[in-house]
Amino acid sequence: MTTSSSERGVSLGMPELPAPAYPDDVRARLETDARAIVARYPDSRSALLPMLHLVQAEEGHVTRTGMRFCADMLGLTTAEVTAVATFYTMYRRRPSGDYQVGVCTNTLCAVMGGDAIFEELQEHLGVGNGETTADGKVTLEHIECNAACDYAPVVMVNWEFFDNQTPESVKRMVDDLREGRPVAPTRGAPLCTFKETARILAGFPDEREGAVEATGSAGPASLVGLKLAKGEAAPARVVHPRGEVPRDAPPHEPSPTEHLSSHDAPQDTAASDPAHPSGPVAEEGE
């Protein structure tokens with residue numbers, strides 16, 4: 001008795017069928033937005049990146065149908081569109097949650113607590129890297145850098161900043177997201193869903209009341225170097241060598257508007273530090 005290749009689970013390498021088109025009403029709506037995007041560029045193919053955000057805003061990830069739509073509108077092949085969509089990690093290739101929770105695990109964030117945050121979130125949510133909770137609310141991923149090292153460890157939700165986080169604060173935050181309770185970023189615009197974020201990244205205005213005004217700018221810790229470069233005097237700070245901090249010195253309590261970096265916060269370092277202070281143990285060349 002013989003079995004077919006399909007019964008044995010063997011792929012014959014048959015070509016994939018063409019992607020289905022969007023329904024007529026959806027395509028008509030997307031074509032209007034796509035033309036507005038293309039009109040911004042002297043060369044239509046330059047519109048591909050925002051176009052991918054546009055189709056991602058439609059379904060929450062970049063589907064084969066979305067890539068076919070981009071190819072049709074820009075006069076490209078689906079292979080050319082696929083090459084771009086698979087190169088950038090900001091384009092999702094499979095269904096994901098309403099909230100993309102990205103934990104920075106690059107060097108500084110990692111040693112400041114990012115690794116611990118990511119490990120505890122995986123256990124707390126019951127998902128691994130790139131996976132989505134069963135309720136479809138949260139997709140967890142580690143990110144190599146959020147470009148906010150002065151507020152390490154940093155977590156981003158749909159690309160909005162949550163600075164100076166701890167495992168406890170992040171677990172509360174994702175619980176609030178899943179329960180539909182209000183969650184406010186440390187700085188920047190109010191949170192919106194991932195689909196809404198994708199539409200904003202496609203270049204369409206954020207029409208929520210007060211959202212644009214709330215975006216603000218970099219925090220004080222990020223601007224210190226710029227102020228020094230401009231010749232502005234920085235506030236004096238006395239940094240005592242380890243082990244020489246006056247025992248009666250009160251801890252620094254930042255005001256609500258100060259929002260210092262975690263490097264300035266009164267917090268303990270690794271438990272091994274007092275017994276094993278950092279520093280050279282031998283002279284150079286020994």
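All values reported here derive from a predicted model rather than from experimental measurement. Scope of the values below: all heavy atoms of this structure, side chains included, with no hydrogens, waters or symmetry mates.
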Between Met73 and Leu49, is there shared hydrophobic-cluster membership here, with clusters defined by ILVMFWY side-chain heavy atoms closer than 4.5 Å?
yes
Is the number of heavy atoms from other residues, nucleotides or ligands under 6.0 Å of Arg45 CZ greater than 12?
no
Arg172/Glu168 under salt bridge (charged side-chain N to carboxylate O under 4.0 Å, His left out): CA gap, chis, key distance, verdict
CA-CA 6 Å; Arg172 288 194 300 269; Glu168 291 71 27; over 6 Å; no
Dump the intermediate steps for side-chain contact (heavy atoms from CB on, under 4.5 Å) on Thr166 and Ile117, then the final yes or no.
CA-CA 6 Å; Thr166 66; Ile117 289 173; 5.6 Å; no
Please step through side-chain contact (heavy atoms from CB on, under 4.5 Å) for the pair Val81 and Val62, ending with a clear verdict.
CA-CA 11 Å; Val81 175; Val62 177; over 6 Å; no
My understanding is that only residues two or more places apart in sequence, or in another chain, count here; which of them pass ring-ring contact (aromatic ring centres under 6.0 Å, His included) with Phe69?
Tyr22
Look up atom CG in Asn106 and atom SG in Cys109, then write down how far apart they are to the nearest 0.5 Å.
7.5 Å
Rounded to the nearest 0.5 Å, how far does CE of Met112 lie from SG of Cys149?
10.5 Å
Just by modelled atom types, is the Met173 backbone N or O under 3.5 Å from a matching donor or acceptor in the Arg178 side chain?
no
So, does Arg199 use its side chain to make a donor-acceptor pair with the main chain of Ala57 at under 3.5 Å?
no
dist Thr193:OG1 -> Glu196:CD (nearest 0.5 Å) comes out at 3.5 Å
Could you tell me if the side chain of Val157 sits less than 4.5 Å from the side chain of Val183, heavy atoms only?
no
Nearest atoms (heavy-atom pairs only) where Leu108 meets Ala152
CG-CB, 4.1 Å
Looking at residues at least two apart in the chain, or sitting in another chain, which of them share a ring-ring contact (aromatic ring centres under 6.0 Å, His included) with His53?
Tyr91
So does Thr139 get a backbone contact from the side chain of Ser96, meaning a donor-acceptor N/O pair under 3.5 Å?
no
Before you tell me yes or no, could you show the steps for Val127 and Gln122 under side-chain contact (heavy atoms from CB on, under 4.5 Å), namely the whole-Å CA-CA distance, both residues' side-chain angles and the distance that decides it to 0.1 Å?
CA-CA 5 Å; Val127 298; Gln122 289 185 91; 5.8 Å; no
Might you point out which heavy atoms bring Cys145 and Cys104 nearest each other, and give the distance in Å?
CA-SG, 3.7 Å
Please say whether more than 12 non-hydrogen atoms of neighbouring residues, nucleotides or ligands are located less than 6.0 Å from CZ in Arg208.
yes
Taking the side chain as every heavy atom from C-beta outward, state whether Glu58 and Val26 have any atom pair closer than 4.5 Å.
yes
Starting from Val55, can I reach Phe204 by hopping between I/L/V/M/F/W/Y residues whose side chains sit under 4.5 Å apart?
yes
Heavy-atom closest pair (Asn146 atom, Phe161 atom, distance to 0.1 Å) is O-CE2, 3.4 Å
Do other residues, nucleotides or ligands put more than 12 heavy atoms under 6.0 Å from the CD atom of Glu119?
no
Give a yes or no on whether the backbone of Pro20 and the side-chain of Thr65 come within a donor-acceptor separation of less than 3.5 Å.
yes
Residue pairs meeting side-chain hydrogen bond (donor to acceptor under 3.5 Å, both in side chains), one or both in residues 71-89, sequence neighbours left out, come to Thr77-Glu80
Give a yes or no answer on whether the side chain of Asp176 reaches the backbone of Pro182 with a donor-acceptor pair at less than 3.5 Å.
no
Just verifying a value: how many Å separate Ile143 CD1 and Asn129 CG, rounded to the nearest 0.5 Å?
9.5 Å
Has Asp135 got a side-chain atom pairing as donor or acceptor with Lys137's backbone, closer than 3.5 angstrom?
yes
Identify the heavy atoms of Cys192 and Tyr99 that sit nearest to each other, and give their distance.
O-CE2, 3.8 Å
Same cluster for Tyr151 and Val170 if Ile/Leu/Val/Met/Phe/Trp/Tyr side chains link at under 4.5 Å?
no
Asn158 side chain to Gln100 main-chain N or O, any donor-acceptor pair under 3.5 Å?
yes
Run Trp159 and Thr197 through side-chain contact (heavy atoms from CB on, under 4.5 Å) and show every step you take.
CA-CA 8 Å; Trp159 308 117; Thr197 300; 3.9 Å; yes
CG on Leu52 to CG on Leu201, rounded to 0.5 Å:
12.0 Å
Arg93 charged N/C atom sitting above Phe87 aromatic ring, 6.0 Å / 45°:
no
Indicate, with yes or no, if Leu121 and Phe162 share a hydrophobic cluster defined by side-chain heavy-atom contacts under 4.5 Å among Ile, Leu, Val, Met, Phe, Trp and Tyr.
yes
Considering residues, nucleotides and ligands other than Lys171, do more than 12 of their heavy atoms fall under 6.0 Å from its NZ?
yes
Do Val138 and Asp98 have side chains that approach each other closer than 4.5 Å (heavy atoms only, starting at C-beta)?
no
Reported SG-to-CG distance for the pair Cys70 and Leu54, which is rounded to 0.5 angstrom
7.0 Å
For the backbone of Arg92 and the side chain of Gln56, can you confirm whether one donor and one acceptor N or O come within less than 3.5 Å of each other?
yes
Of the non-hydrogen atoms in Met51 and Ile37, which two are nearest, and what is the gap between them?
CG-CG2, 4.2 Å
Is there a path from Leu76 to Leu30 through hydrophobic residues (I, L, V, M, F, W, Y) whose side chains come within less than 4.5 Å of each other?
yes
Take atom CG in Asp24; do more than 12 heavy atoms of anything else shown fall under 6.0 Å from it?
no
side-chain hydrogen bond (donor to acceptor under 3.5 Å, both in side chains) evaluation trace for His142 with Asp115
CA-CA 9 Å; His142 76 81; Asp115 280 349; over 6 Å; no
Indicate yes or no for a side-chain donor-acceptor contact from Glu31 to the backbone of Ala28 under 3.5 Å, with no hydrogens or angles considered.
no
Which heavy-atom pair separates Arg187 from Ala148 by the least distance, and what is that distance?
NH2-CB, 3.6 Å
